[in-house]
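Residue numbers run from 1 in the order of the sequence given.
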Amino acid sequence: MKDLKNLYVAQQGNKVIVFGTNLKDFVLSLSSVVPNLKPYMFYYRAFKKIDYIEHKRLDGSIIYIQKIL
């Protein structure tokens, strides 16, 4: 576990729907589940400042996107 530098998680309704250790791959995987995501660079810049983002889906449900490590 020492080699794990980053961990990104997306959860909805107390369930993890996507996780990853590479932000670019994580956003690609998440975009297959959530169609109205912002571009990769938005998340790259946001996670430099904060570690938690709320994303509202088109149907009104909320997905919580976090940088854990």
Side-chain angles (χ1 to χ4, degrees):
M1 296 304 283
K2 293 178 187 176
D3 294 334
L4 188 64
K5 295 188 183 351
N6 296 312
L7 179 62
Y8 302 95
V9 176
Q11 62 184 29
Q12 179 181 18
N14 293 329
K15 293 182 181 177
V16 173
I17 56 172
V18 177
F19 69 93
T21 57
N22 178 293
L23 182 59
K24 191 166 190 170
D25 293 337
F26 172 74
V27 171
L28 280 173
S29 298
L30 188 58
S31 68
S32 67
V33 178
V34 182
N36 62 332
L37 277 182
K38 295 185 185 217
Y40 158 75
M41 286 306 291
F42 170 82
Y43 296 102
Y44 177 78
R45 289 183 193 111
F47 282 131
K48 286 187 173 228
K49 300 174 187 173
I50 57 174
D51 60 351
Y52 178 83
I53 299 170
E54 287 186 14
H55 175 77
K56 191 168 187 179
R57 295 179 69 171
L58 294 175
D59 64 1
S61 61
I62 296 176
I63 294 178
Y64 301 99
I65 304 170
Q66 295 178 287
K67 180 179 180 181
I68 305 293
L69 297 175

I need the [X] [atom1] to [Y] [atom2] distance, nearest 0.5 Å.
| X | Y | atom1 | atom2 | answer |
| --- | --- | --- | --- | --- |
| Tyr64 | Asn14 | OH | CG | 9.0 Å |
| Tyr52 | Ile68 | OH | CD1 | 10.5 Å |
| Leu4 | Leu69 | CG | CG | 5.0 Å |
| Gln66 | Leu7 | CD | CG | 9.5 Å |

Of the non-hydrogen atoms in [X] and [Y], which two are nearest, and what is the gap between them?
| X | Y | result |
| --- | --- | --- |
| Arg57 | Val34 | CG-CG1, 4.3 Å |
| Tyr43 | His55 | OH-ND1, 4.1 Å |
| Ile53 | Ala46 | CD1-CB, 3.8 Å |
| Lys24 | Asn22 | N-OD1, 2.9 Å |
| Gln12 | Ile62 | CG-O, 3.8 Å |

Contacts of Thr21 that satisfy side chain to side chain donor-acceptor pair (under 3.5 Å) - sequence neighbours left out: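 Thr21: no side chain to side chain donor-acceptor pair (under 3.5 Å) contacts found.
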
- request: Could you tell me which residues satisfy side chain to side chain donor-acceptor pair (under 3.5 Å) with Tyr44, sequence neighbours excluded, listed by chain and number?
  value: Lys48

field: Connected via hydrophobic side-chain network under 4.5 Å: Ile63 and Val9
entry: no

Same apolar cluster (I L V M F W Y, side chains within < 4.5 Å links), Leu30/Leu58: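 No, because Leu30 and Leu58 fall into different hydrophobic clusters, even though each may have its own neighbours under 4.5 Å.
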
- prompt: Around atom OH of Tyr40, are there more than 12 heavy atoms of other residues, nucleotides or ligands at under 6.0 Å?
  reply: yes

query: Do Ile65 and Phe26 touch side chain to side chain, with heavy atoms closer than 4.5 Å?
result: yes

message: What I'd like to find out is whether the side chain of Val27 reaches to under 4.5 Å of the side chain of Lys38, using heavy atoms alone.
response: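 No, their side chains stay 4.5 Å or more apart.
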
query: So Tyr8 and Phe47, would you call those rings parallel, tilted or perpendicular, with 30° and 60° as cut-offs?
result: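 Ring orientation, 0 to 90° scale: tilted.
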
